[in-house]
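One structure is given here, and the rest of the page talks about it.
Quick note: residue numbers are just sequence positions, from 1.
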Amino acid sequence: MRRSSTFARQVLLVRVGRRDGDLRTTDLTLPEHRYADRQRRRYGLDRLSRPAGVSRAGIEAVMPVSPALPMAQHTDEATAGSIPLLPGERTMARRMKFAVVNACTLSSLMLGMLAIFLAMQGEVRIAALCLIACVIFDGLDGALARRLGVASPFGAQMDSLADMCSFGLAAPVVVYASLAGSVSTAAAAVACALVAACAAIRLARFNVSPKDGRFFCGVPTTMAAAVLAVTVAIGLPVPGPVLVAGVALLAFAMVSSFPYAKLARLVKLPPWLLFAPVLGALVDIRLTFALIVVGYLVSGPVLWLRQRRTA
């Protein structure tokens with residue numbers, strides 16, 4: 001009994017107390033010297049001896065603590081308060097302007113939802129017109145935000161989410177509904193799914209990439225949706241497989257690294273180039289539209305090759 005109780009006191013170590021970040025370990029009793037070696041041989045404690053080079057403090061650092069103490073929660077006072085949606089002076093006039101700009105963004109979102117509902121009912125051309133209205137409201141909210149001086153990070157993120165709904169989801173649904181019966185369901189689904197996936201990648205990349213005032217990096221999502229919407233609205237006389245291939249090509253153009261000129265640079269083109277599409281639309285609007293789209297898609301690789309040669 002004496003040996004058993006001595007051994008029990010030897011192996012039981014209670015670690016108690018935690019004050020000011022310091023840990024204290026208290027041994028209830030020390031082993032009796034005359035039984036120390038005998039007990040180590042009897043219970044095989046030599047195998048559990050401390051490895052060479054490891055101190056007692058190192059072993060105590062990994063010992064369990066009783067009772068368990070909760071993790072300290074650090075609260076950042078700087079982020080504890082709410083972040084205002086509209087930075088700067090928060091007057092009633094600026095709030096009204098901010099509300100008008102966000103109303104345009106929400107209008108684009110609601111029109112995108114309406115386009116999905118119409119496409120599900122088979123009204124693909126009316127749905128395409130709703131997408132064209134989405135494009136107009138999407139350009140209007142950004143222009144108003146800059147003109148009225150109420151541009152904000154919140155508005156930029158909200159615009160991106162609305163674009164994903166209107167151009168990344170509604171546009172592929174409308175195109176899928178327009179392709180029903182002309183191509184296989186699997187081919188149409190794959191092409192439209194590519195548009196949705198590439199639109200998400202394009203919008204996310206745009207949010208985190210530095211802005212270039214001259215060129216877009218890849219075809220903008222808004223422009224791609226406008227091309228798809230006009231294609232459905234005017235009923236472009238193109239075979240189904242060719243149209244599916246064009247949709248997939250447009251999807252990959254959104255995530256490409258080719259530079260595409262912004263509309264502000266297109267306005268600076270020679271006047272005869274601007275009047276040519278107008279005259280062509282009076283002759284054959286479908287052919288003129290197809291040539292404009294093809295020319296714009298080809299301009300990206302051409303500008304990319306030109307930049308590579310001059311670099």
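- In terms of heavy-atom proximity, Arg125 sits nearest to Gly235 at NH2-CA, 3.7 Å.
- Side-chain contact between Phe289 and Thr231 is present, with at least one heavy-atom pair separated by less than 4.5 Å.
- Taking the side-chain contact (heavy atoms from CB on, under 4.5 Å) definition, one finds that Tyr176 meets it with Thr185, Ala188, Ala189, Cys192, sequence neighbours left out.
- Using a distance-only test at 3.5 Å, with no hydrogens or angles considered, a donor-acceptor pair links the side chain of Ser178 to the main chain of Val175.
- The CZ atom of Phe98 lies 12.0 Å from the CG atom of Leu148; values are rounded to the nearest 0.5 Å.
- If you chain together hydrophobic residues whose side chains sit under 4.5 Å apart, Leu129 and Leu169 never meet in one group.
- Here the straight-line distance linking atom CG of Leu194 with atom CZ of Phe252 works out to 5.0 Å at 0.5 Å rounding.
- Residues Ser257 and Trp304 have side chains not in contact (no heavy-atom distance under 4.5 Å, counting atoms from C-beta outward).
- Across Met254 and Arg205, no two heavy atoms sit closer than the pair O-NH2, 3.3 Å.
- For Arg95, the side-chain contact (heavy atoms from CB on, under 4.5 Å) partners are Arg90, not counting sequence neighbours.
- Cluster membership check: Val244 shares its hydrophobic cluster with Val219, using side-chain heavy-atom separations under 4.5 Å among Ile, Leu, Val, Met, Phe, Trp and Tyr.
- With values rounded to the nearest 0.5 angstrom, Cys217 atom SG is found 11.0 Å from Phe206 atom CZ.
- When all heavy atoms are compared, the tightest approach of Val247 to Ala191 is CG1-O, 3.9 Å.
- Taking hydrophobic clusters as Ile, Leu, Val, Met, Phe, Trp and Tyr residues chained together by side-chain heavy-atom distances below 4.5 Å, Val232 does not share a cluster with Val294.
- From Arg147, atom CZ reaches atom NZ of Lys97 across 10.5 Å, with rounding to the nearest 0.5 Å.
- A single hydrophobic cluster is seen to contain both Ile234 and Val238, as judged by linkage of ILVMFWY side chains at heavy-atom distances under 4.5 Å, directly or through other members.
- Once rounded to the nearest 0.5 Å, the distance linking CG of Leu279 with OG1 of Thr288 reads 9.0 Å.
- Tyr260 is linked by a ring pair (Phe, Tyr, Trp, His ring centres under 6.0 Å) to Tyr296, counting only residues two or more places apart in sequence or in another chain.
- Taking the side chain as every heavy atom from C-beta outward, Val135 and Phe167 approach each other to under 4.5 Å.
- Considering all non-hydrogen atoms of both residues, Val174 and Val124 come closest at CG1-O, 4.0 Å.
- Closest non-hydrogen pair, Ala171 versus Leu131, comes out as CA-CD1, 3.6 Å.
- By the 4.5 Å heavy-atom criterion applied to side chains, Phe215 and Leu303 are counted as neighbours.
- In terms of heavy atoms, Asp141 sits closest to Val101 at O-CG1, 3.5 Å.
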(request) Take Ser166 and Asp138 through the side chain to side chain contact (heavy atoms under 4.5 Å, CB included) test and state the conclusion after the steps. (result) CA-CA 10 Å; Ser166 301; Asp138 181 69; over 6 Å; no
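- Hydrophobic clustering of Ile, Leu, Val, Met, Phe, Trp and Tyr side chains at less than 4.5 Å, counting indirect connections, keeps Ile292 apart from Leu250.
- For the atom pair CG of Leu236 and CG of Leu287, the computed distance is 9.0 Å after rounding to the nearest 0.5 Å.
- In this structure Phe216 satisfies the ring pair (Phe, Tyr, Trp, His ring centres under 6.0 Å) test with no other residue, sequence neighbours excluded.
- Within the 3.5 Å criterion, the main-chain N or O of Ala253 finds no donor-acceptor partner in the side chain of Arg202.
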Got a list of side-chain donor-acceptor pairs under 3.5 Å for residues 106-119, not counting sequence neighbours?
from, atom 1, to, atom 2, distance (Å)
Ser107, OG, Ala103, O, 2.7
Ser108, OG, Cys134, O, 3.4

Which atom pairs, one a donor and one an acceptor, fall under 3.5 Å between side chains of residues 149-164 and the rest of the protein, sequence neighbours left out?
from, atom 1, to, atom 2, distance (Å)
Ser152, OG, Gly155, N, 3.1
Ser160, OG, Asn207, ND2, 3.2

